[in-house]
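Here's the structure, in structure tokens; my notes come after.
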Amino acid sequence: MSQEDDNKLIDDAYQSLLNGYLSSNHRKKVEKIEKAYRFARRAHEGIRRRSGEPYILHPIAVATIVSQEIGLGSTSICAALLHDVVEDTDYTTDDIKAIFGDETIGETGEKVGDKIANIVEGLTKISGGIFGEKASAQAENFRKLLLTMSDDIRVVLIKMADRLHNMRTLASMPAAKQYKIAGETLYIYAPLAHRLGLFAIKTELEDLSFKYEHPDIYQSIADAIAASENKRNDMFQRFSTPIRERLDAMGLDYEFKARVKSCYSIWKKMQTKRIPIDEIYDIYAARIVFECPDDKDENGMCWAIYNEITKVYNKIHPDRIRDWLSHAKPNGYRALHVTVMGPDGEWIEVQIRSRKMDTIDERGVTAHWVYKEGGTEMEEDGQLRGWLQEIEDILKNPEPNALDFLDSIKLNLYAREITVFTPKGDMISLPVGASVLDLAFTLHSEIGTHCIAGKVNHKLVPLSQRLSSGDQVEILTSQSQRPQLEWKKFVATAKGKTRLNYALRHMRREVMDKGEEMFKHFMAENNAEINNENLTRIISSLRVQNKEDLFYKIGKGDVDLSPIILKSLKPASQNLLSKLWRNSFGGRPSKNTEQDTTSTTTNEKVDRKKVYVLKTIDGQSNYQLAKCCHPLPGDDVIGYVNYNNEVIVHKTDCPTAMKLKSGFGSRLVETKWEIGSETFFASILVEGIDRMGILQEIIYLISTNLAINIRRLNIRSEAGVFTCEMDVLVEDVNAVTKMCKRLSKVKGVNKAIRQS
């Protein structure tokens, strides 16, 4: 491509950015944007992206998303244009400040350059993706990302636009990078977009991640949606016509359209319910968006439209009425949903909302942040401020393990909520599944650590009692109560988990300190030196994990300090000592980052830039199968290269793989199966109506007709319904699919699915 072609591409992209900005409601500050653009173009001159296009097209695209898809103004557009300058070039934030001279913002006197430079600096701190090579660095970078939301929410919104454009252009990256970036996006960025209310961006991020992680499945769902388009349009026409007549009679100014579910959300429902796409009845939803001049009339108009719909279609799904008018979702979403049976016998969800509600759904947090004159002060949504405060509380006492910390945050990003009440009538929002203990920790750390029981609707209940919307809850405490390890089983909120773990760590530290003093006193009494060699021998003889575990067990009284311990302080060979040292104190990854695996591997050097072929030669495999997901040949899989240079194979959508893609992307390798003669374990679940001889028929079909080896069989029958779980040996995923299809045709069998 010639320089002339490059210049035309750049000029067209910038003009498109300006045209979108000029058609927005923001005050027009084109000169400021022009300054930022000229500086960015000069800074990135001659640099190209991996795709081959001029680099400046990326910041222009990010600025366009910021302006036209998120709805931010000139300050954010400038920061987006300049977001990579400090990181990728020799320019500094001082140079950015100098671009805008002494220009000030409104009556505040704050300099334009200072504000833009601060946003760019915030973006630079969290650059290069959330995650780095080390777990501690990952958690630290993510904390920085979250903390910037309190300082200036625009930093995170511009970062979201940056990630969206990177996902849109991900095809130019190598496969291993695609896995890493897609996994990171699905694990953190999509939930964060969800929590910020950026519905359109969240949906696109999910779909793009899904497309790169499961390209074949994605394409099959997209094809199925396209093939059913005419049928859906006809159904919607028949469904909507009588409703339109009633809405027209009301004199409403409205828009009535059908919205198709995203490929990712359809696939998630297929996975959750274990059903094919043609059994999903709610692939599309109808949406009514009406104009409402006065905000005070919004709720009344929603219910009036609801009444007209239910006059036409009076078969209403009782479990599918959603009233988010009086109490919005945590991300600010407000609407009224009802699911009715249409003229074709299909359940159809209708979403009723005003134009303002619709804008909040699409623009999320930016619809709550109203920039005042001058563009510096922000008027914020109370619910979002409460959520940000909760995130700050979690950040004060983060999990020591980075991936546990990320899990805690993610709980807050995707949580569906219930509302409970204190005895005084205060309303508190909690995630679905929250317990009495969760509420106690939400109220205060001290209340949580001393909680002994609760009263729900005046009835005494244990700490583990799950709460429901509308419950009135009183927390009972005792100063003698201490946090218990088993509490972890029923605490569900991010705040509860964080505060409980902090309390448990504090208690453990007290016991460890006591144990360490006892150990030192014991060794001194016996004239034994405390050094690494002696510690290693004692740890090995007592079969504890490390010195912290040793001190803890001594403090608890689980280890008796007797002269017998001193017998282990004998010279050992250097090789044995080295082995014990590595086992006790070596920096091996925790069980949270690597799973127990099966099979034995050959320890060949792994080139992570090439496709790694999974093969078995003379019974020796060059990979290990992760026990967390039990992948089979034919599954979409990725390889994780552990610290011993072994390749651990995970299904791409297993929870552990999601964490690995987010936290250890540099250790991922693209893989493909080499077809061999070996067999693999698969777990199958069969359910149906019990009848005489059905078990014999199932066994005969599998072992004789299909020639598949059954290694484990467990069958239960209750009230005429049977459940059969079995482990079988198969060559690949196609054999499992074929077997399940054959089993589902057996008389009485309702479901036959692979569990792992």
Side-chain angles (χ1 to χ4, degrees), residues 133-137 139 397-405 449 482-489 497-498 500-598 600-601 603 624 627-628 642-646 648 656 663-664:
E133 189 71 24
K134 298 179 181 178
S136 58
N397 298 300
E399 290 286 340
N401 180 284
L403 296 179
D404 287 345
F405 163 72
T449 53
R482 302 270 281 176
Q484 308 296 319
L485 191 61
E486 57 265 26
W487 288 6
K488 285 188 171 186
K489 296 176 183 176
K497 285 176 182 288
T498 303
L500 173 59
N501 286 337
Y502 177 77
L504 290 173
R505 287 199 303 273
H506 182 70
M507 286 173 54
R508 183 179 174 87
R509 171 51 61 187
E510 290 179 347
V511 175
M512 282 169 52
D513 290 345
K514 175 185 173 184
E516 186 175 6
E517 285 301 314
M518 292 170 64
F519 180 74
K520 287 178 178 178
H521 182 68
F522 168 77
M523 295 291 278
E525 279 188 336
N526 289 276
N527 297 317
E529 185 181 353
I530 299 177
N531 54 35
N532 287 336
E533 186 175 335
N534 285 343
L535 267 174
T536 301
R537 289 172 178 166
I538 291 172
I539 287 168
S540 176
S541 69
L542 294 174
R543 297 183 179 179
V544 295
Q545 293 183 359
N546 48 43
K547 65 179 180 180
E548 287 78 14
D549 197 29
L550 171 67
F551 296 152
Y552 180 70
K553 287 182 180 293
I554 293 172
K556 275 188 70 180
D558 293 343
V559 169
D560 183 26
L561 290 174
S562 68
I564 297 174
I565 293 176
L566 301 177
K567 291 183 178 180
S568 64
L569 304 182
K570 295 179 180 179
S573 69
Q574 182 61 37
N575 287 340
L576 177 60
L577 180 60
S578 299
K579 182 178 179 182
L580 292 174
W581 176 258
R582 287 196 304 271
N583 288 342
S584 301
F585 297 98
R588 290 286 181 248
S590 73
K591 63 182 179 182
N592 293 313
T593 59
E594 293 189 46
Q595 296 293 304
D596 293 335
T597 53
T598 60
T600 305
T601 67
N603 207 14
Q624 297 182 32
K627 286 185 176 179
C628 53
N642 69 11
Y643 289 84
N644 292 326
N645 201 45
E646 299 163 334
I648 317 298
T656 303
F664 299 88

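- Here the straight-line distance linking atom CD of E525 with atom CE of M523 works out to 12.0 Å at 0.5 Å rounding.
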Pair M507-V511, side chain to side chain contact (heavy atoms under 4.5 Å, CB included): steps then yes or no: CA-CA 6 Å; M507 286 173 54; V511 175; 5.7 Å; no
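- Between the OG1 atom in T656 and the CD1 atom in I648 there is a gap of 11.5 Å [rounded to 0.5 Å].
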Trace of the salt bridge (Lys or Arg N to Asp or Glu O under 4.0 Å) decision for D513 with R508: CA-CA 9 Å; D513 290 345; R508 183 179 174 87; over 6 Å; no
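- Here CD of E529 is found 10.5 Å from CG of L535. Values are rounded to the nearest 0.5 Å.
- Atoms NZ and CD1, on K514 and I554 in that order, are 11.5 Å from each other to the nearest 0.5 Å.
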Worked verdict on T449 versus L500 for side chain to side chain contact (heavy atoms under 4.5 Å, CB included): CA-CA 7 Å; T449 53; L500 173 59; over 6 Å; no
Evaluation steps, salt bridge (Lys or Arg N to Asp or Glu O under 4.0 Å), between E510 and K556: CA-CA 10 Å; E510 290 179 347; K556 275 188 70 180; over 6 Å; no
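- Listed by first and then second residue, the ring-ring contact (aromatic ring centres under 6.0 Å, His included) pairs involving residues 517-551 are F519-F551 (not counting sequence neighbours).
- Inter-residue side-chain proximity for K547 and I538 is flagged as unmet; no heavy-atom pair is nearer than 4.5 Å.
- Residues M512 and Y552 come closest through the heavy atom pair CG-CB, 3.8 Å.
- A salt bridge between E516 and K520 is present, with a side-chain N of the basic residue lying under 4.0 Å from a carboxylate O of the acidic one.
- Under the side-chain hydrogen bond (donor to acceptor under 3.5 Å, both in side chains) criterion, D558 pairs with no residue at all, not counting sequence neighbours.
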